[in-house]
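A short worksheet on the structure shown next.
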Number of protein chains: 4
Amino acid sequence: MINRVVLVGRLTRDPELRKTQSGTSVCSFTMAVGRRVSTQGQPDADFINCVAWNKTADLMTQYLHKGSLIGLEGRIQTRSYDNQQGQRVYITEVVAESVQFLEPKNAQSGYSAPSQDYGMNQGFAQNTYAAPVQNGYNQNPYSNPVQNTNNAFDSTFNADDSLDIASDDLPF
Amino acid sequence: MINRVVLVGRLTRDPELRKTQSGTSVCSFTMAVGRRVSTQGQPDADFINCVAWNKTADLMTQYLHKGSLIGLEGRIQTRSYDNQQGQRVYITEVVAESVQFLEPKNAQSGYSAPSQDYGMNQGFAQNTYAAPVQNGYNQNPYSNPVQNTNNAFDSTFNADDSLDIASDDLPF
Amino acid sequence: MINRVVLVGRLTRDPELRKTQSGTSVCSFTMAVGRRVSTQGQPDADFINCVAWNKTADLMTQYLHKGSLIGLEGRIQTRSYDNQQGQRVYITEVVAESVQFLEPKNAQSGYSAPSQDYGMNQGFAQNTYAAPVQNGYNQNPYSNPVQNTNNAFDSTFNADDSLDIASDDLPF
Amino acid sequence: MINRVVLVGRLTRDPELRKTQSGTSVCSFTMAVGRRVSTQGQPDADFINCVAWNKTADLMTQYLHKGSLIGLEGRIQTRSYDNQQGQRVYITEVVAESVQFLEPKNAQSGYSAPSQDYGMNQGFAQNTYAAPVQNGYNQNPYSNPVQNTNNAFDSTFNADDSLDIASDDLPF
DNA sequence: TTTT
DNA sequence: TTTT
């Protein structure tokens with residue numbers, strides 16, 4: 001069934017990496033997404049809890065920070081657990097399947113971008129979508145796609161598509 | 001900022017209409033949205049709390065019921081309130097901006113569709129998207145749009161968006 | 001970068017399966033998606049060209065037909081080719097990454113659903129997203145996800161995520 | 001029916017404003033949206049034709065330019081016309097319903113941002129989605145929404161949608 | 001006809 | 001060239 005979320009907003013705090021017992025990376029964060037229509041005396045943003053896994057979690061922790069502007073694709077997930085008081089707590093959050101860094105290369109925000117090419121920030125800034133000069137399009141509409149390797153951001157920053165997205169034990 | 005949700009799923013219970021003090025209709029409901037990837041021993045669906053307002057709330061209450069299959073477009077909203085115990089409770093829910101009824105006309109689910117044309121169910125089933133016979137497209141790409149009136153479902157079931165998106169003559 | 005499309009609409013004709021030289025399945029189809037706001041004297045729908053690959057293509061051909069109601073997630077793709085007259089032709093179409101069948105089991109449309117459980121139609125129709133009564137949620141928020149096997153529709157009807165989505169030669 | 005598109009990408013050229021005979025603003029532009037998976041020898045982006053109307057068209061022309069990074073929400077529209085050679089030409093394009101400027105305030109790209117607050121660029125850049133420390137949320141879940149006036153970007157850059165989505169008092 |  |  002269709003369960004699709006797209007958000008553009010900013011991180012409300014530095015992302016923090018955790019590991020499951022089996023060593024899977026997981027990163028929880030909150031996005032502040034500005035509202036188009038505001039309510040008197042209310043915040044102008046929604047504060048949406050999100051979670052990212054694996055490489056996406058690693059890269060977010062490495063290159064993003066409080067205030068970073070990102071685009072996110074994912075889905076809504078609900079779950080629950082029983083707290084210490086024995087009450088069931090229900091959680092609604094967004095599972096990130098793909099995260100796009102939307103800050104410019106020269107963003108100055110108290111952190112320094114990695115100096116080699118594979119940093120998401122740099123990789124993205126340097127993106128050379130191979131500007132198609134005179135015949136930019138695909139002559140053969142159905143040729144074989146290959147994983148994009150010359151773009152650190154896009155190639156590394158997406159959910160590794162199913163299988164081991166999660167782990168079998170709780171990190172918190 | 002971008003905050004977009006699209007869901008297709010089923011209602012977990014009959015929608016229930018409430019009224020604000022000022023008489024505005026509001027309807028809370030939960031959608032069960034099946035997961036593509038399931039977790040062992042876990043439910044195969046997410047149970048997403050949603051809220052609809054005004055005419056959408058009225059129509060949902062009138063024509064939908066537990067188990068109804070719908071498509072929904074909206075956005076994620078977060079809010080909070082203090083409960084009786086003085087604890088702050090945080091809520092994440094989807095605000096429906098548009099709801100589409102996806103059951104066929106002949107759906108038999110213990111309720112009877114309204115017998116006149118304005119029932120969403122019937123209106124939808126009878127939809128005659130004016131099959132464009134020989135020149136189905138818009139000759140004038142930018143002619144004046146008008147609110148669709150011959151389709152009870154679509155005309156009434158969305159947040160009442162702007163009328164004058166386009167103009168009545170060609171600019172090029 | 002974000003390029004996300006969600007459509008709910010009907011097939012304007014039976015899907016037709018083609019094979020690339022390397023044997024990859026590909027299926028082109030058009031979805032009619034009703035408009036909320038119509039333009040006087042114009043069709044009430046958009047007719048959106050789409051393409052599906054691999055297993056999705058196979059299943060669509062097998063179980064869908066003219067008029068079938070589907071939900072689709074995908075992305076917009078542009079390409080071009082030179083026609084016989086030596087003119088460059090530009091194409092904008094939607095690449096389906098996931099297709100959901102939205103007809104009820106008892107749909108009677110001149111085709112017969114498969115008699116065993118793995119038909120997309122049946123699998124889907126039998127889904128009983130049984131509303132979780134008192135403990136519907138996930139006790140362990142981060143347990144290991146596995147491929148959904150008890151739902152023919154969802155498990156088989158999605159793009160096999162990268163790698164061999166396309167082929168290296170033209171099927172048409 | 002659901003027809004939803006979300007794009008994040010860059011303008012391939014300066015937007016150009018046109019007027020219909022009745023004076024309505026319309027602006028056509030193309031977005032380059034990078035692909036995650038590329039095809040050997042092919043461009044790494046899709047070049048998606050879009051159109052915006054009214055105030056959105058005005059603001060895009062005023063503040064955006066070739067290379068500007070934007071987020072866009074809209075829908076796919078198809079239309080056709082007969083060209084001079086008497087052939088029918090089919091068009092698939094995206095109608096922008098909301099456009100978000102994603103460049104930072106200090107973007108230097110050969111144009112100068114407006115010096116008063118209502119420039120989309122400035123208004124947006126000044127957004128301080130101040131992370132809600134202890135009580136960031138909405139105490140009253142259903143208070144009356146008003147058009148956001150303190151944010152030039154968001155208040156002016158969207159298709160002029162409905163005002164009365166909510167109500168002014170709590171129903172529960 | 002394509003953007004960083 | 002369009003679906004209910």
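Below, chain A is the first sequence line, B the second, and so on; all start at residue 1. As the structure is a prediction and not an experimental result, all values here were calculated from the model.
- With sequence neighbours excluded, the residues forming a side chain to side chain contact (heavy atoms under 4.5 Å, CB included) with D:T30 are D:T12, D:R13, D:F47, D:N49, listed by chain and number.
- With rounding to whole Å, D:L69 atom CG is found 16 Å from E:dT2 atom C1'.
- Put simply, CG on C:L11 is 8 Å from C1' on F:dT3, counting in whole angstrom units.
- When rounded to the nearest whole Å, the span between CZ of D:R35 and C1' of E:dT2 equals 13 Å.
- Considering CG of B:L102 and CG of C:L102, their distance stands at 5.5 Å, rounded to 0.5 Å.
- Computed from coordinates, the C:M1 CE to E:dT2 C1' distance equals 14 Å when rounded to whole Å.
- Listed for the C:E73 side chain is no donor-acceptor partner under 3.5 Å among the backbone atoms of C:V6.
- Here the P atom of nucleotide E:dT3 and the NE2 atom of D:H65 are 14 Å apart, to the nearest Å.
- Per the geometry, CG belonging to D:L72 stands 19 Å off P belonging to E:dT3, to the nearest Å.
- Rounding to whole angstrom units, CG of residue C:L64 and P of F:dT4 are separated by 13 Å.
- Looking at residues two or more places apart in sequence or on another chain, you find no side chain to side chain contact (heavy atoms under 4.5 Å, CB included) involving D:Q84.
- Side-chain atoms of D:D14 come within 3.5 Å of backbone N or O of D:K66 as a donor-acceptor pair.
- Distance from the side chain of C:K66 is smallest to F:dT3 among E:dT1, F:dT3, E:dT3.
- In this structure, the CG atom of B:L102 is 16 Å from the P atom of F:dT4, given to the nearest Å.
- In this structure, of F:dT1, F:dT3, E:dT2, it is E:dT2 that holds the atom nearest to the side chain of D:T12.
- Looking at the side chain of C:N49, the nearest of the listed nucleotides F:dT1, E:dT2, F:dT3 is F:dT1.
- Comparing F:dT3, E:dT3, E:dT1 by their closest approach to the side chain of C:Y90 singles out E:dT1.
- Here D:G67 lies in heavy-atom contact (under 4.0 Å) with sugar-phosphate atoms only.
- Nearest to the side chain of C:R10, among E:dT3, F:dT2, F:dT4, sits F:dT4.
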